[in-house]
Amino acid sequence: MRDISSRAEAALMLAFLLALTATLGALFIGEVMGQMPCTLCWYQRIAMFPLTVILGVALWRGDDGGRAYAMPLVIIGLVIAIWHSGLYLGLIPEAITPCTENGPSCSDKAQMSILGLPIPYLSAAAFLAIGFCLLNMKGSRP
């Protein structure tokens, strides 16, 4: 593995590790714990899972341009996570939740927390942190 030689590469590495952790966490919650995701969780996963691949390939190839491909997914995922957090907090009326009658509720406080931490907040924090890392990728590669 290469040495981290620049601030941009360090930010890209951190963004990749955050996306990887979030992806593995979502897979653990669904596949190991057997907790079925709500509709908004699925949408957030759709934004997060490709970030792991995009950022991983950008890091491997030493390509700062991966930020341009990742940022739209970060913004979309963050908007959905903020909406989901609003539902969880009760700021948005439950009548407009996108969840189906057969699936879990987007605002179910029992299902939507892991170790006492609300999943919508964790998702928003992950997207926000990844976005912050990508915005702080300044400079060029040596």
Side-chain angles (χ1 to χ4, degrees), residues 1-139 141:
M1 181 151 210
R2 299 179 299 152
D3 288 335
I4 297 175
S5 58
S6 72
R7 179 179 168 174
E9 192 167 357
L12 183 59
M13 170 71 86
L14 183 56
F16 167 70
L17 291 174
L18 288 165
L20 180 63
T21 301
T23 297
L24 293 175
L27 290 172
F28 179 81
I29 291 167
E31 301 302 320
V32 176
M33 295 178 66
Q35 195 169 332
M36 185 175 161
C38 69
T39 302
L40 289 176
C41 286
W42 272 117
Y43 293 156
Q44 290 166 73
R45 287 177 181 199
I46 289 168
M48 184 61 74
F49 289 3
L51 279 176
T52 305
V53 176
I54 291 168
L55 296 172
V57 169
L59 185 63
W60 179 54
R61 295 191 56 170
D63 181 11
D64 284 344
R67 170 178 48 185
Y69 302 114
M71 213 49 176
L73 289 171
V74 169
I75 293 167
I76 290 167
L78 181 59
V79 167
I80 295 169
I82 290 170
W83 180 267
H84 197 180
S85 295
L87 284 169
Y88 183 85
L89 277 172
L91 299 175
I92 299 171
E94 216 172 316
I96 57 176
T97 60
C99 296
T100 62
E101 293 176 13
N102 300 336
S105 170
C106 291
S107 58
D108 180 5
K109 295 201 186 312
Q111 167 126 3
M112 289 292 148
S113 64
I114 298 297
L115 300 173
L117 298 171
I119 294 173
Y121 299 171
L122 294 172
S123 178
F127 281 114
L128 193 61
I130 292 167
F132 182 74
C133 288
L134 295 178
L135 288 175
N136 283 309
M137 287 176 56
K138 296 180 180 172
R141 299 214 182 262

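- To the nearest 0.5 Å, atom OH of residue Tyr69 and atom CG of residue Asp63 are 7.0 Å apart.
- Here the closest heavy-atom approach between residue Cys41 and residue His84 is recorded as SG-CE1, 3.5 Å.
- Nearest heavy-atom pair across Leu134 and Arg67 is O-CD, 2.9 Å.
- Residues that satisfy the side chain to side chain contact (heavy atoms under 4.5 Å, CB included) test with Ile82, not counting sequence neighbours, are Leu78.
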Atom pairs and distances, side-chain donor-acceptor, residues 115-128, under 3.5 Å, sequence neighbours left out:
residue: Ser123; atom: OG; partner: Gln44; partner atom: OE1; Å: 2.4

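- Summarising the geometry, atom CE belonging to Met48 is positioned 9.5 Å from atom CG belonging to Leu73; distances are rounded to the nearest 0.5 Å.
- Residues that satisfy the side-chain hydrogen bond (donor to acceptor under 3.5 Å, both in side chains) test with Ser85, not counting sequence neighbours, are absent from this structure.
- Residues Ile54 and Gly66 come closest through the heavy atom pair CG2-O, 3.9 Å.
- Applying the side chain to side chain contact (heavy atoms under 4.5 Å, CB included) criterion to Leu27, with sequence neighbours excluded, gives Thr23, Phe49.
- Residues Ile130 and Leu55 meet the side-chain proximity criterion, which asks for heavy atoms closer than 4.5 Å.
- Separating the CG atom in Leu12 from the CG atom in Leu59 is a distance of 5.0 Å, to the nearest 0.5 Å.
- Considering only heavy atoms from C-beta on, Asn136 comes within 4.5 Å of Arg7 through its side chain.
- By the side chain to side chain contact (heavy atoms under 4.5 Å, CB included) test, Val57 is found to be paired with Val53, Arg61, residues two or more places apart in sequence or in another chain being considered.
- Under the side chain to side chain contact (heavy atoms under 4.5 Å, CB included) criterion, Ala129 pairs with Leu18, sequence neighbours left out.
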